[in-house]
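Heads up: the structure comes next, in structure tokens.
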Amino acid sequence: MRQFLKYVLATIVGIVILWVIGFVLLIAISAATSGKPSVAENSVLKLNLNSPVRERGVDNPFGGFGPINSSGDVIGLIDLRQALHDAKTDDNIKGVYLIAEYPQAGWSSLEEIRNALIDFKKSKKFVYAYGEVMTEKGYYLASVADKIWVNPAGSLEWNGLNAELMFFKGTLDKLGIKPEIFRVGEFKSAVEPFIRTDMSEPNRKQFTSFLNSIYSHFLVNVAQSRGLRVDSLRRYANNLSIQTAQDALSHKLITNAGYLDEVEAEIRQQLGTKETKKIEYITPDKYNDSEKETEDKGSNKNRIAVVIASGDISGGQGDDESIGSDRIAAELRKARLDDKVKAVVLRINSGGGSALASDVMWREVQLTRKVKPIVASFSDYAASGGYYMAMGCNKIVAEPNTITGSIGVFSILFNTETFFKDKLGITYDRVGTNKYADFPSVTHPLSDFEKQTLQRSTERVYAGFTKKVADGRKLSIDSVRAIAGGRVWTGTQGKAIGLVDQLGGLDEAVAVAAGEAKLSPKEYNLKYLPRQKNFMEQILGKLSGSDEEQLKVQLGELAPYVTYLKKLKNIEGVQARMPFEIKIN
């Protein structure tokens, strides 16, 4: 009977799954044959930015259909900027309604969104922002709005920026695992979580430096947008003067302490519609999919390829959230060999990873530079291996608050002998044809000679790294070593010391590439690489769910820590990377 019930249950589950797939395909076919929707007159572009922001969004044609819908929408920075650009000249779009309470984005991504909003305002259309609460990241975006509402019972965060690192030495000690560290540069802090319980003084020094650079840029821009003084804004943070919406109102950081219905009443007034009429909101993804008039994009014979490289760097293919050297090298090669592509922009958002994989991509950059211009565009991070990829480009463009530099390398091995013996009762013995046949091993301590060998290997990679920086940036090797050592800089600091050529976002990088290729703005269009997943790949991905999504479901708040530990498996060979996680809030 038990076997019978098991087979019946399996059959029912199979039927349900087939029904769901059929239902999804029916929706997809219907959507594909229905044509592009039109934009209603008197529409408002609604930007809800309380979700993760990535370089490119994930097209989700399933809306909110149960297991097909992901746990949270991913906002594409490129898609968002395109929507604001088109809406600026679209007569059907009358304004922007911004909800940015706690955006999950880096400071450079926020900068690009903020600048796109500033550009949109040149149309003289309204930008209104509302939040029940608002973090400093959210307020940075909202500060450019014509009017800013915070719920009267809500709050505005205004206490300065904070950077936090996780340290695992205590965990490793409890497990009996000893890390063997080989590094170059006193600022190469990526190894500190494994050998310390707090920051070293050099690490604290560099964090204080770049954090204050980001904060100063933040304050200057907010002060300019709101007509306030920087020293006043600093004082409010130092004294915790702003706690409630009323505090923010009295100090002129917001224009209104009000409720959502009051915001929408103001929007209706701007639209000239009745109180009972529904506001025609349209989201960026729907707007980008709509039938609308856009500017001429130039000739298909002249293209600028934008190669997007985002995530940790490793060998192989990678995916949409990691950089596989084989995949990105192939895309650079494709762009180089395509006669229609006149220039390349390498868009980087990475704290680094494998030094070898970074070098593979650096080589393709060098080969591309010989035949056509290639310009690097830095997003939130372009540090260590991320900078390695870019240092051979014709020009480097970074946002003022980009995290860059970290020119340094390290190697790490975990001696697990005590862990296996004392915790699990497992011991190892070995034979080999040569004295160092098992070198390097994680099941017994390294000899002094083995340690020296690994240290020399790490130093060789560092010497090559700094030499290539010097050649690519046309700097002396001594000046490179003075700013290297693994030290992290902001884009503003990087420009001052020669690591960056120009401050700006992706638009500026594209303009630089076009100038290098002698193309006017209307002579080219953009081609984004690598290609995004097709429709069926998205369906299968949504049904199966990514490893990260499954971890979130299974482990909840513990998921980020498990994800962090899983990344340790990718530490093979010499690494050019920052600490895995830097939270700046």
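The structure displayed is predicted, hence computed values, not measured ones.
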- prompt: Parallel under 30°, tilted from 30 to 60°, perpendicular over 60°: which one fits the rings of Tyr140 and Phe218?
  reply: tilted
field: Approximate separation, where rounding is to 0.5 Å, of Lys88 NZ and Ile93 CD1
entry: 15.0 Å
- prompt: Can you find a side-chain donor-acceptor pair between Glu523 and Ser520 that sits under 3.5 Å?
  reply: yes
- prompt: Hey, are Arg229 and Asp231 close enough for a salt bridge, meaning a charged N less than 4.0 Å from a carboxylate O?
  reply: yes
message: Angle between ring planes, Tyr388 versus Trp362, binned at 30° and 60°: parallel, tilted or perpendicular?
response: perpendicular
message: Just checking Lys342: does its NZ atom have more than 12 heavy atoms from other residues, nucleotides or ligands closer to it than 6.0 angstrom?
response: yes
- request: State, yes or no, whether a side-chain contact exists between Phe207 and Leu165 at a heavy-atom distance under 4.5 Å.
  value: yes
query: Going by heavy atoms in the side chains, are Leu253 and Leu228 under 4.5 Å from each other?
result: yes
statement: Interatomic distance, CD1@Ile78 vs OH@Tyr528, rounded to 0.5 Å, equals 4.5 Å
query: Can you name the closest pair of heavy atoms from Arg114 and Leu141 and give their distance?
result: N-CD2, 3.8 Å
message: Side chains of Leu506 and Arg81, heavy atoms from C-beta outward: is any pair under 4.5 Å?
response: yes
query: Would you call Asp338 and Lys527 a salt bridge, using N to O less than 4.0 angstrom?
result: yes
- request: Find out whether Arg456 and Phe182 are in side-chain contact, i.e. whether some heavy atom of one side chain is under 4.5 Å from a heavy atom of the other.
  value: no
message: Check this for me, if you would: do Asp339 and Lys372 make a salt bridge, where the nitrogen-to-carboxylate-oxygen distance has to be below 4.0 angstrom?
response: no
message: Quick check for you: to the nearest 0.5 Å, what is the distance between Glu112 atom CD and Leu77 atom CG?
response: 5.0 Å
Residue from Arg369, Arg333, Arg327 passing salt bridge (charged side-chain N to carboxylate O under 4.0 Å, His left out) with Glu364: Arg333
query: Charged N to carboxylate O below 4.0 Å: is that the case for Lys468 and Asp471?
result: no
